[in-house]
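Before any comments, here is the structure.
Bear in mind the structure is a predicted one, so any value in this text is a computation, not a measurement. In what follows, residues are counted from 1 in the order of the sequence shown.
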Amino acid sequence: PDNQARVGARLEYVFDNTINLATNMRMGSRYKVYADFYKSFNISFSDEGASTGFEPGFLGIFGFDARHYQRLDKRSILALRFAGATNFGGQRILYYLGGADNSLIQNFNESIPTPQTGNFVFQDLANPLRGFNINIRNGGTYLLSNAEIRIPVFNYFFRNLRSKLLRDFQLVGFFDIGTAWSGADPFDEDNPVNLTTYPDPNLGQSGPVTIRVRRFRDPVIYGYGFGARTSIFGYYIRADYGWGVETSITQKPILHISLGYDF
């Protein structure tokens with residue numbers, strides 16, 4: 001076990017003028033801008049007592065999340081989201097792009113290399129980017145945009161539905177696009193996503209000769225598809241079936257089953 005101690009602080013500004021129309025249906029806009037700061041320190045005990053001290057370097061994070069909900073008619077809405085984050089300081093956080101938020105089954109893409117340098121001390125998921133598994137892109141900075149059309153089908157045909165399963169049921173069409181990178185910009189040739197090392201040290205491989213292969217992967221990827229949402233036994237369940245497009249190649253579709261509201 002590796003134990004580390006950190007002290008942190010968050011500054012956050014939140015704006016929200018949305019109105020709840022129904023379950024997972026809003027109207028209006030909301031956003032938040034935040035900054036996190038973390039500093040490592042150590043605590044040691046001896047016969048003379050306890051001593052503490054700060055370690056060199058710190059982790060700083062800056063991010064935002066903006067969402068807008070536009071009514072298309074009395075019942076359906078168009079939901080838009082734009083989010084991103086970056087970090088600075090001697091310590092870093094590594095973001096993994098891909099998958100669905102709060103997914104019940106998450107698969108990790110082992111074919112995409114991760115940065116070998118950068119002093120990454122934490123990992124986090126940048127979701128959703130449906131149609132891909134986790135780690136389709138990674139890095140210390142990410143930008144992500146999502147769009148969904150939400151249609152409460154049964155509410156068009158019936159009024160005052162008593163069944164929560166039917167009342168909350170929605171058909172959804174979605175489009176996700178995003179990128180994550182390490183370095184100055186996502187189009188840098190030395191971005192780790194474009195470099196593959198054989199043998200791969202991430203897999204514990206080693207050998208007398210090390211080969212680095214440079215290939216081009218379009219840093220911006222996107223996915224599209226359709227899905228459904230409803231409430232079952234008190235849980236709001238989302239099912240999304242999406243096709244991912246990477247470097248102009250459409251991938252095999254992936255089914256995402258997840259919990260929770262919104263995107």
Side-chain angles (χ1 to χ4, degrees), residues 16 18 20-26 30-32 63-69 75-85 93-112 122-139 142-155 163-180 221-246 250-263:
D16 191 342
T18 59
N20 281 321
L21 303 176
T23 301
N24 204 38
M25 303 285 281
R26 292 174 177 265
R30 58 179 176 169
Y31 66 86
K32 69 176 179 179
F64 68 93
D65 190 325
R67 310 183 186 200
H68 178 71
Y69 308 89
R75 295 174 177 83
S76 299
I77 69 167
L78 171 65
L80 303 171
R81 174 178 179 256
F82 186 47
I93 182 171
L94 181 62
Y95 295 104
Y96 292 111
L97 196 65
D101 196 21
N102 296 323
S103 180
L104 297 180
I105 301 176
Q106 295 276 33
N107 295 314
F108 194 86
N109 189 334
E110 299 285 355
S111 65
I112 302 296
F122 287 116
Q123 300 176 350
D124 197 7
L125 300 179
N127 292 332
L129 209 161
R130 291 156 288 191
F132 296 100
N133 293 320
I134 294 174
N135 193 39
I136 188 62
R137 292 292 182 269
N138 60 64
Y142 81 89
L143 289 173
L144 178 65
S145 183
N146 312 103
E148 287 187 358
I149 296 178
R150 301 171 183 171
I151 305 173
V153 180
F154 293 103
N155 289 288
S163 170
K164 190 171 180 61
L165 185 147
L166 298 180
R167 187 172 65 249
D168 293 347
F169 183 85
Q170 300 172 9
L171 290 180
V172 171
F174 65 84
F175 179 83
D176 303 331
I177 184 170
T179 184
I221 56 174
Y222 63 91
Y224 61 90
F226 59 91
R229 288 104 171 82
T230 192
S231 297
I232 301 177
F233 302 120
Y235 294 95
Y236 194 75
I237 298 180
R238 309 192 310 264
D240 295 302
Y241 194 70
W243 289 262
V245 180
E246 180 191 15
T250 302
Q251 312 296 309
K252 292 182 179 180
I254 296 178
L255 176 64
H256 304 278
I257 305 295
S258 52
L259 300 175
Y261 299 105
D262 219 354
F263 294 94

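Geometric assessment of R130 against the ring of F174 yields a positive cation-pi assignment under the 6.0 Å and 45° thresholds.
When atom types are taken as modelled, the side chain of Q251 and the backbone of G223 share no donor-acceptor pair closer than 3.5 angstrom. Proximity of a side-chain donor or acceptor of R75 to a complementary backbone N or O of N155 within less than 3.5 Å is detected. Put simply, the side chain of N135 gets close to the backbone of N109: a donor and an acceptor are under 3.5 Å apart. Judged by distance alone, with hydrogens and angles left aside, the side-chain atoms of S258 form no donor-acceptor pair with the main-chain N or O of N102 at under 3.5 Å. Under the 3.5 Å distance criterion, the side-chain polar atoms of N133 are left unmatched by any main-chain donor or acceptor of G98. In this structure a side-chain-to-backbone donor-acceptor pair under 3.5 Å is missing from E148 to I77.
In this structure, CG in D176 is found 8.0 Å from OG in S145, a value given to the nearest 0.5 Å. One finds the OG atom of S103 at 8.5 Å from the CG atom of N127 (value rounded to the nearest 0.5 Å). Between the CZ atom of F154 and the CG atom of L171 there is a distance of 8.0 Å, given to the nearest 0.5 Å. Rounded to the nearest 0.5 angstrom, L97 CG and D124 CG are separated by 11.5 Å. For the atom pair CG (L94) and CZ (F122), the distance works out to 12.5 Å, reported to the nearest 0.5 Å. To the nearest 0.5 Å, the span separating CG on L125 from CD1 on I134 amounts to 4.5 Å.
Across H256 and F132, no two heavy atoms sit closer than the pair CE1-O, 3.4 Å. Listed here is the closest heavy atom pair of P128 and A100: CB-CA, 4.0 Å. Taking both residues in full, the closest heavy atoms of Y95 and A85 are given as OH-CB, 3.5 Å, listed atom of the first, atom of the second, then distance. For A147 against F263, the heavy-atom pair with the smallest separation is N-CE2, 4.4 Å. Smallest separation of non-hydrogen atoms from S231 and Y236: OG-CD1, 3.4 Å.
Exactly one residue among R150, R81, R238 makes a side chain to side chain donor-acceptor pair (under 3.5 Å) with D262. That residue is R150.
Other residues, nucleotides and ligands place more than 12 heavy atoms under 6.0 Å from the CD1 atom of I232.
Between R229 and D240, at least one side-chain nitrogen of the basic residue sits less than 4.0 Å from a carboxylate oxygen of the acidic one, meeting the salt-bridge criterion.
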Checking side-chain contact (heavy atoms from CB on, under 4.5 Å) for the pair Q170/M25: CA distance, chi angles, key distance, verdict?
CA-CA 10 Å; Q170 300 172 9; M25 303 285 281; 3.4 Å; yes

Determine whether L104 and L259 satisfy the following criterion, side-chain contact (heavy atoms from CB on, under 4.5 Å), listing intermediate values before the conclusion.
CA-CA 7 Å; L104 297 180; L259 300 175; 3.7 Å; yes

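Close placement of the F82 and F64 rings is indicated, their centers lying within 6.0 Å of each other. Taking the six-membered ring wherever Trp is involved, the centroid distance between the rings of F108 and Y96 falls below 6.0 Å.
Contact check for D168 versus N24: no side-chain heavy atoms found under the 4.5 Å cut-off.
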